[in-house]
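The analysis underlying the following values was restricted to heavy atoms, covering all of them including side chains, and did not include hydrogens, waters or symmetry mates. Below, read A as the first sequence line, B as the second, and so on, with proteins coming before strands; counting in each chain starts at 1. For clarity, every value in this text was computed on a predicted model and none was experimentally measured.
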Number of protein chains: 2
Amino acid sequence: MSKKAALFDDDRAGAIYRTAAKMIYEKGFDATSMNEIAEAVQLTKPGLYYYVKGKKELLFSIMSFAMDLLDAEVVAVAKEQSDALERLRAIVRCHAWLLTQATGAIAILIDETRGLSDEQRVRITERKRAYIDFIRETLDRLRAEGRMRPVDTTTATFSLLGQIMWLARWFQEAGRMSREQVVDDVAEIALGGVLTDEAQAGAPSSAALPEAIPA
Amino acid sequence: MSKKAALFDDDRAGAIYRTAAKMIYEKGFDATSMNEIAEAVQLTKPGLYYYVKGKKELLFSIMSFAMDLLDAEVVAVAKEQSDALERLRAIVRCHAWLLTQATGAIAILIDETRGLSDEQRVRITERKRAYIDFIRETLDRLRAEGRMRPVDTTTATFSLLGQIMWLARWFQEAGRMSREQVVDDVAEIALGGVLTDEAQAGAPSSAALPEAIPA
DNA sequence: CGGAGATTACCTACCGGTCGGTAAAGTGTG
DNA sequence: CACACTTTACCGACCGGTAGGTAATCTCCG
């Protein structure tokens with residue numbers, strides 16, 4: 001039970017981080033004042049400051065937690081697959097699954113880097129780069145196996161990421177389609193875009209989706 | 001010469017809008033103050049207010065201009081193609097081309113809708129919806145022709161859009177790849193994701209891809 | 001078990017600073 | 001002089017953040 005890991009679990013502190021994450025996700029970092037966050041958790045501003053050191057640290061903690069989520073729910077799961085294609089499929093499906101989850105949608109906050117200090121931004125950017133490299137390496141393996149379209153690997157990586165990240169902008173839980181349906185379709189489109197026709201032909205179509213994050 | 005059309009051409013007013021667009025694109029709307037914009041165009045704040053009515057109107061004008069760009073450079077060009085596949089290809093390529101252009105990258109500002117008034121946001125959202133519908137209709141036609149993967153059309157639309165929009169976040173003019181290369185690859189990936197194998201096989205205006213050697 | 005002192009969990013009141021926006025007084029040019 | 005333009009001087013509201021105080025609770029010695 002490290003203090004960091006407990007941040008989002010503990011009663012009061014947890015409520016602060018979860019509430020702040022939601023508000024920042026919905027209104028943007030700059031437009032969310034410490035006063036509003038404090039009110040949302042039934043506290044005054046100094047009361048809030050008893051728990052958090054400052055606005056930047058609050059954002060940094062949330063973004064770090066989002067990266068933890070990504071590592072646990074996507075990278076770790078994908079690494080269980082040794083076949084490059086199945087690994088890529090797991091990446092796309094798990095990441096898409098995460099972003100369409102109400103609790104997990106905060107994972108898109110890792111792009112709100114402008115509110116961070118230089119040092120904090122460097123640390124987050126470093127983790128993001130590691131994730132991007134993980135995808136790129138998977139694509140490199142597919143390339144080596146002749147299963148990838150003749151396109152640049154970096155471009156392919158960001159095309160995949162773009163499709164996944166964009167999900168959080170348009171998908172609505174209450175909408176016409178279920179999360180499962182959308183994740184299935186996005187995975188098919190995403191993989192179809194980077195793989196050769198042959199590689200797609202004989203592929204098993206369902207990979208494991210993780211359960212909701214533990215409470 | 002309508003006043004609106006001249007906004008981005010006229011000397012002083014044009015400089016204001018172009019400079020503000022660039023600053024908002026780089027720093028975000030909230031983090032860009034009217035004082036900074038004024039300084040950037042060698043004016044005091046009231047001097048700036050002589051030309052613009054307020055911050056929201058400034059953002060709205062820029063976003064309207066961005067939508068004008070999109071309509072002129074993407075929709076109008078794509079409509080010249082009557083074949084659904086060629087039209088879709090034109091959409092992807094033109095939009096990607098626009099977003100990788102230094103001047104056109106402001107087109108991504110159409111997503112900064114939070115800074116708008118309700119009425120302004122409705123108007124921009126309406127135009128965005130029209131664009132999305134344009135893509136969706138094109139996909140519907142491909143579906144009717146049996147050239148589309150068995151995936152939901154809305155999901156496919158946003159997958160395409162996600163890939164394109166994400167370009168503006170990672171593409172760097174000075175990078176390893178040229179705009180032409182990146183646009184080519186994104187188009188191939190994007191189309192490959194939504195089209196059936198057969199539809200891709202007979203693609204005319206893509207560089208003739210030799211079939212990969214079967215295993 | 002009692003009571004002194006530390007610790008936790010907040011509060012009221014306020015700081016310096018910046019925000020978007022404006023009133024009103026020039027200033028230069030036709 | 002008239003008018004397009006630009007300035008100085010200034011709002012009120014809100015920002016992130018803090019000083020200093022306090023009620024409740026927990027700890028530990030005698």
* Closest to the Arg12(B) side chain, choosing from dT6(D), dC10(C), dA13(C) -> dT6(D)
* To do: Would you indicate which nucleotide in dA4(D), dT7(D), dA9(C) comes nearest to any side-chain atom of Tyr50(B)?
  => dA4(D)
Starting from [atom2] on [N], measure out to [atom1] on [X] and report it in whole angstrom.
{"X": "Glu57(A)", "N": "dG17(D)", "atom1": "CD", "atom2": "C1'", "answer": "12 Å"}
{"X": "Gln42(B)", "N": "dT7(D)", "atom1": "CD", "atom2": "C1'", "answer": "15 Å"}
{"X": "Lys53(A)", "N": "dG16(D)", "atom1": "NZ", "atom2": "P", "answer": "18 Å"}

Just the atom pairs and distances: protein N or O near nucleotides 14-20 of chain C's N or O, under 3.5 Å.
{"residue": "dG20(C)", "atom": "OP1", "partner": "Lys55(B)", "partner atom": "NZ", "Å": "2.8"}
{"residue": "dG20(C)", "atom": "OP2", "partner": "Met34(B)", "partner atom": "N", "Å": "3.0"}
{"residue": "dG20(C)", "atom": "N7", "partner": "Lys45(B)", "partner atom": "NZ", "Å": "2.8"}

* Which word best sums up how the rings of Trp166(B) and Trp166(A) line up, parallel for under 30°, tilted for 30 to 60°, or perpendicular for over 60°? -> perpendicular
Please list, one pair per line, the donor and acceptor atoms closer than 3.5 Å that link side chains of residues 36-43 of chain A to other protein atoms, with sequence neighbours excluded.
{"residue": "Glu36(A)", "atom": "OE1", "partner": "Lys27(A)", "partner atom": "NZ", "Å": "3.2"}
{"residue": "Glu36(A)", "atom": "OE1", "partner": "Ser33(A)", "partner atom": "N", "Å": "3.0"}
{"residue": "Glu36(A)", "atom": "OE2", "partner": "Lys27(A)", "partner atom": "NZ", "Å": "2.9"}

* Asked: Looking at Phe134(A), does the NZ or CZ of Lys79(A) lie under 6.0 angstrom from its six-membered ring centre and within 45 degrees of the ring axis?
  -> yes
* Asked: Looking at Phe29(A), is Lys55(A) sitting on its ring face, NZ or CZ under 6.0 Å from the six-membered ring centre and within 45 degrees of the normal?
  -> yes
* **Results of salt bridge (Lys or Arg N to Asp or Glu O under 4.0 Å) for Arg121(A) - residues two or more places apart only** => Asp118(A)
* Going by heavy atoms in the side chains, are Gln101(B) and Leu98(B) under 4.5 Å from each other? -> yes
